[in-house]
Amino acid sequence: MAAPADSPSQNIIYIPDLPSTRFYAGALALLSVLQYFVAEAAVIGAWAGQQPYSRRTGYISDLGAAGCGLFDGRDVCSPAHVLMNASFVVQGIGMMVGALLLSSALLCTAARPGAQFTLVPGGRFTWAAAVSARSLTAVAGAGTVLVGLVPEDAGSVWHGVGAIMYFGAGSLALLLLGWLWLRQTPLSWPILVCGLVSLGDLVTGGVTGMDVPEPGTLERLMGYPITIGTAAVGLVVAQRVGRDRSLRKSRGALQA
């Protein structure tokens, strides 16, 4: 005989307390990337170069350069570089923790109000998109950790590798999640647009070799959308988990 729809066994499968806590931690990890904007503003305020720092012409990595002087033809001096590099690392760790703790099953259903949470949701392509988005988010997080650990003036190729990992994998992850959640949440379009803007400007930067009038603007159009879009992903998941936990608590109160 089939178990009743509100049986305890189904409640356990639906979304148990332990995974619920894990999903909250993953969502908060993704939301933690927003600290980047606070850190960047503080580091720019401490800039000590001969010319004021401009977001339009200055590279983001200039804020994390460890030394003062000319670097690649630019006058660089960022006394608060430790804060900037720490922010990169924190952002990257937040993305990797989010990718680790948020299950593919949850990502498949997070944007669908009232959708049944199952351990293996139907749809091969949907499942593959969720798994790929998690993997790409982890790669992007690892990339920005590299950027923070290896400043641009450290004389290592790994800084550039980390930046490409972040921009490329981060934009693709947002494109996948935006497509996966299309018409399921109002945030699906902003997430999709963030991925498109970042990827489009990454291609522009690659084609032009960043030889444009405002390289700082171009680089920020690659990076800012990833930060904003990743935080939006965390918000969608946190809302879903919070809604489901409230529903289960109300059901428990009625059964008591």
Side-chain angles (χ1 to χ4, degrees), residues 19-37 39 60 87-112 117 121 123 125-149 158 161-182 184-185 187-203 219-241:
S20 181
T21 302
R22 187 185 76 172
F23 296 149
Y24 259 133
L28 289 173
L30 293 180
L31 285 169
S32 71
V33 299
L34 292 177
Q35 55 78 33
Y36 165 82
F37 292 112
I60 298 173
S87 177
F88 290 142
V89 173
V90 169
Q91 181 180 10
I93 291 175
M95 295 177 73
M96 289 190 291
V97 169
L100 176 66
L101 295 182
L102 297 178
S103 73
S104 301
L106 179 67
L107 291 180
C108 286
T109 57
R112 295 159 54 192
F117 177 90
F125 293 108
T126 300
W127 183 260
V131 172
S132 299
R134 290 180 66 199
S135 301
L136 288 167
T137 300
V139 170
T144 195
V145 168
L146 273 176
V147 169
L149 294 179
W158 287 107
V161 170
I164 294 173
M165 288 169 60
Y166 176 68
F167 295 139
S171 60
L172 290 174
L174 294 179
L175 284 174
L176 282 173
L177 287 174
W179 169 79
L180 185 64
W181 293 346
L182 206 58
Q184 297 176 11
T185 173
L187 286 176
S188 63
W189 280 109
I191 291 170
L192 190 62
V193 169
C194 283
L196 285 171
V197 170
S198 178
L199 185 61
D201 284 287
L202 175 61
V203 172
E219 188 179 32
R220 282 168 172 80
L221 286 173
M222 299 179 201
Y224 282 6
I226 297 175
T227 303
I228 295 169
T230 301
V233 170
L235 181 60
V236 169
V237 174
Q239 287 178 336
R240 170 60 193 268
V241 176

By side chain to side chain donor-acceptor pair (under 3.5 Å) - contacts of Ser87 (at least two apart): Gln35
Partner set under side chain to side chain donor-acceptor pair (under 3.5 Å) for Tyr224, not counting sequence neighbours: Glu40, Arg220
Taking the side chain as everything from C-beta on, heavy atoms only, tell me whether [X] gets closer than 4.5 Å to [Y].
X      : Y      : result
Leu175 : Leu192 : yes
Thr230 : Gln91  : no
Tyr36  : Ile60  : yes
Val237 : Leu107 : yes

Ser188 side-chain N/O to Thr185 backbone N/O, donor-acceptor pair under 3.5 Å: yes
Pairs flagged by salt bridge (Lys or Arg N to Asp or Glu O under 4.0 Å) wherever residues 131-140 is involved - sequence neighbours left out: none
Check: Ser198/Tyr166 side-chain N/O donor and acceptor closer than 3.5 Å: no
Among Ser171, Pro225, Cys194, side chain to side chain contact (heavy atoms under 4.5 Å, CB included) partner for Leu199: Ser171
Positive for side chain to side chain contact (heavy atoms under 4.5 Å, CB included) with Val233, one of Val33, Leu177, Thr137, Leu187: Leu177
Trp181 side, atom CH2; Thr126 side, atom OG1 - distance, nearest 0.5 Å: 13.0 Å
Which atom of Leu176 lies closest to which atom of Ala129, heavy atoms considered: CD1-O, 4.0 Å
Nearest heavy-atom neighbours spanning Val139 and Ala169: CG1-CB, 3.8 Å
